[in-house]
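Structure first, then comments.
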Amino acid sequence: MLQTSLSKAVLDQAARQLKKEVTLSNQSAMKKGLKLYREGFVYNAAIVQNGVIQANVLDENVYKPTIYFTHLSQSHCQCSDSYVCPHLLALFFYLYSHVGQIGELIREWNTKQTSSVLPLTKARELVTPSSSVRNWINQFQKSYHLFFAKSNKGNYAFIHQLCYRFFPSLLNEAPMLLVEKRLYHLHAALFTFCRLLEEGRHYQHISYYRSFWIANVSEFMETIKKKCEDLAKVSIPKSFAPLLEESREYVRHILFAGDALMDERIAIYQMVWSVLFHNEKWNQQEKEWLLQRQEERGDIVLECQLALAHLAFLRGNDEETFSLLKKLKFVPIPYVIIWMKNLIHGQQWERLKHWWKLCITSMESYLAATNYSDGAIITRELLYLYDRYAKATGDDENYEILLQVLLPYSASDYSYFLLTSRQYKKWVDLHLLADIDVNDIHRSFLKVVETHDRSLLLPLYHHAVHKMIQLKNRESYKMAVKHLKKLRTYYRALGKKEVWNRYITKLVEEHKRLRAFQEEIQKGKLLNDQKV
């Protein structure tokens, strides 16, 4: 029975440890936990395994706190990643009530702490993993063989089943300790990714199947990202070093697993390294291994180069990162954006400042090598990042230069910038360069420039007249006449009536064979001024 499974000595030892944690932190967790216990909101307490108790605690939702009496520091609850939470304390009070008086325990907790308790960090260092990556992979492989034997391999839906049936089935065998459980989950996801990589080879030359495969891989990458984020929330004990060593080798294996899904393989390598491997010694060892591989190949391997760049980034050596990227045919801006997002997330604004120069000097060659859709996406990403950077630092020195190198994708943003900064001549030149029809420009924008200096708008309307005449149809001629009337108004207001007369006379003469155009000119009464 649950009441007899835990001795008073075990519960007293746990109470001493919890006392320190509650004393060091906000006591509101203790008060709420006590209230939940006294109101009877702890139920279905059960032994999960030896020394591990789990229960339901009704709060705003139903939570499942788990207490590890053998490794108390690994206790956890769904509500947060905090070691001590109200739900976990409510479960502890429920358990302790079977061997002692809760009131006395609380009074003792509220007195000044006099005993020495093992610090939480040291307690965590005593935790050791129950298995190894090799054992996990063997276990996954056996499960995969069984799953493969029962599935319809020839059906492209097998890819979907890998993600939504096979992968969840692996999680059922996860260890109980929180850190080990999350590492296990990540490796289950990485193993499944490798199977997606293998199976995808059958679909690469069939467009519909390939699209289905890529879509499932893209969705599964979010699962891997989530597993990495979960690991980033916990502190990994030093005793897990052997498990991390094996993990490092497995992630390296994924990086060089064939030719397909290169972006995804590199993304996985970067995500896992950012979360798990903060050891400088490992970073240096990995760097030497990658350099050796490149030397054996005798040329620059993209996977190696980007992995080396990421290792340099993790070391904080941005100059080395830039140097490695510049050795490539063109700097891969999507990867640069990932690193810049990491810097923004860490609010490393001074460090980020130097990355804008890399973007500006590298953008022309990158955009020349990419398609329009990707160029538009990259532009939106970079401008969003610069906006966050400028708001945090007040530094907008490179903004206009960035807008210029991102043309034509940044034309709308650059137009707005020039207008608000009153660079009206540049604003007109931009629209001429981008071949934007004056009809497509908002009237309020034209009004701003007109109020400042209407002569600046003359080239826009001349350009528009020329374009309309070249279309050679009745409707375009009508539009040309409309623009000509605007030009006549501007020339009159500027006191340049003679210039207008010479222009319209020459235009009519040049296009005298366009009968429909001549008719529209007559209807518009544009030649009347010459008789005045």
Side-chain angles (χ1 to χ4, degrees), residues 76 78 81 129-148 151 156-201 203 212-236 240 242-258 260-278 286 303 306-307 310 338 342:
H76 59 88
Q78 297 166 308
D81 293 293
S130 61
S131 189
S132 66
V133 172
R134 179 175 295 179
N135 289 340
W136 290 345
I137 300 304
N138 289 337
Q139 175 189 325
F140 299 157
Q141 197 68 53
K142 290 175 184 177
S143 299
Y144 181 66
H145 287 321
L146 291 173
F147 181 79
F148 193 85
S151 303
Y156 66 90
F158 179 67
I159 292 291
H160 190 76
Q161 293 168 0
L162 272 175
C163 299
Y164 298 100
R165 286 182 53 197
F166 172 69
F167 170 67
S169 72
L170 296 181
L171 305 186
N172 296 332
E173 304 299 323
M176 290 300 299
L177 291 175
L178 180 63
V179 175
E180 188 175 4
K181 180 178 183 178
R182 292 190 176 181
L183 274 170
Y184 175 96
H185 277 211
L186 175 61
H187 276 282
L190 296 180
F191 180 86
T192 304
F193 175 81
C194 289
R195 304 293 74 77
L196 288 169
L197 195 59
E198 288 178 0
E199 292 303 317
R201 288 188 304 225
Y203 308 128
F212 186 80
W213 171 54
I214 293 297
N216 277 271
V217 168
S218 179
E219 289 181 13
F220 197 71
M221 285 296 292
E222 290 301 312
T223 299
I224 296 174
K225 181 181 178 183
K226 177 63 168 60
K227 298 304 176 185
C228 287
E229 289 172 349
D230 288 344
L231 269 169
K233 296 175 184 176
V234 297
S235 177
I236 301 177
F240 274 63
L243 203 60
L244 295 181
E245 282 275 14
E246 288 187 275
S247 300
R248 188 158 60 99
E249 293 180 9
Y250 193 67
V251 172
R252 185 194 295 161
H253 160 74
I254 293 176
L255 179 64
F256 298 103
L261 301 178
M262 183 188 68
D263 287 342
E264 288 77 6
R265 287 184 284 109
I266 293 171
I268 287 172
Y269 183 90
Q270 293 181 339
M271 281 192 290
V272 178
W273 261 91
S274 296
V275 169
L276 291 184
F277 310 128
H278 301 147
E286 189 76 3
E303 289 92 333
L306 289 173
H310 188 61
I338 292 171
N342 287 334

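Quick note: residue numbers are just sequence positions, from 1.
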About how many Å separate [atom2] of [Y] and [atom1] of [X], when rounded to the nearest 0.5 Å?
{"X": "N138", "Y": "S132", "atom1": "CG", "atom2": "OG", "answer": "8.0 Å"}
{"X": "L183", "Y": "D230", "atom1": "CG", "atom2": "CG", "answer": "11.0 Å"}
{"X": "I224", "Y": "I254", "atom1": "CD1", "atom2": "CD1", "answer": "7.0 Å"}
{"X": "L243", "Y": "S131", "atom1": "CG", "atom2": "OG", "answer": "8.0 Å"}
{"X": "K226", "Y": "E229", "atom1": "NZ", "atom2": "CD", "answer": "7.0 Å"}
{"X": "Q139", "Y": "L170", "atom1": "CD", "atom2": "CG", "answer": "7.5 Å"}

*Is there a side chain to side chain contact (heavy atoms under 4.5 Å, CB included) between K142 and H145 once you walk through the steps?*
CA-CA 5 Å; K142 290 175 184 177; H145 287 321; 5.6 Å; no
Would you call the rings of [X] and [Y] parallel, tilted or perpendicular, where under 30° means parallel and over 60° means perpendicular?
{"X": "F220", "Y": "F167", "value": "perpendicular"}
{"X": "F140", "Y": "Y184", "value": "perpendicular"}
{"X": "F166", "Y": "F147", "value": "tilted"}
{"X": "H160", "Y": "F212", "value": "tilted"}

Is the backbone N or O of [Y] less than 3.5 Å from a side-chain atom of [X], with the two atoms forming a donor-acceptor pair by type?
{"X": "E286", "Y": "R252", "result": "no"}
{"X": "H76", "Y": "L178", "result": "no"}
{"X": "T192", "Y": "A188", "result": "yes"}
{"X": "E246", "Y": "R134", "result": "yes"}
{"X": "R265", "Y": "A260", "result": "yes"}

*Verify the ring-centre separation between H310 and Y269: is it less than 6.0 angstrom?*
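Between H310 and Y269, which both carry aromatic rings, the centre distance is not below 6.0 Å.
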Heavy-atom pair of closest approach, residues [X] and [Y]:
{"X": "P168", "Y": "C163", "result": "CD-O, 3.5 Å"}
{"X": "S235", "Y": "V179", "result": "O-CG2, 3.6 Å"}
{"X": "W213", "Y": "L197", "result": "CZ2-O, 4.5 Å"}
{"X": "C228", "Y": "V272", "result": "SG-CG2, 4.0 Å"}
{"X": "R182", "Y": "L231", "result": "CB-CD2, 3.8 Å"}
{"X": "Q270", "Y": "L306", "result": "NE2-O, 4.0 Å"}

So do the side chains of [X] and [Y] get within less than 4.5 Å of each other, counting heavy atoms only?
{"X": "F240", "Y": "E180", "value": "yes"}
{"X": "L186", "Y": "L276", "value": "yes"}
{"X": "F193", "Y": "E264", "value": "yes"}

_What verdict does the side chain to side chain contact (heavy atoms under 4.5 Å, CB included) test give for I268 and M221, after you've listed the backbone C-alpha separation in whole Å, the side-chain angles of each residue and the deciding distance to 0.1 Å?_
CA-CA 8 Å; I268 287 172; M221 285 296 292; 3.8 Å; yes
_Show, in sequence, the C-alpha distance, side-chain angles and deciding distance for C194 and Y250, and conclude whether the side chain to side chain contact (heavy atoms under 4.5 Å, CB included) test is met._
CA-CA 11 Å; C194 289; Y250 193 67; 3.8 Å; yes
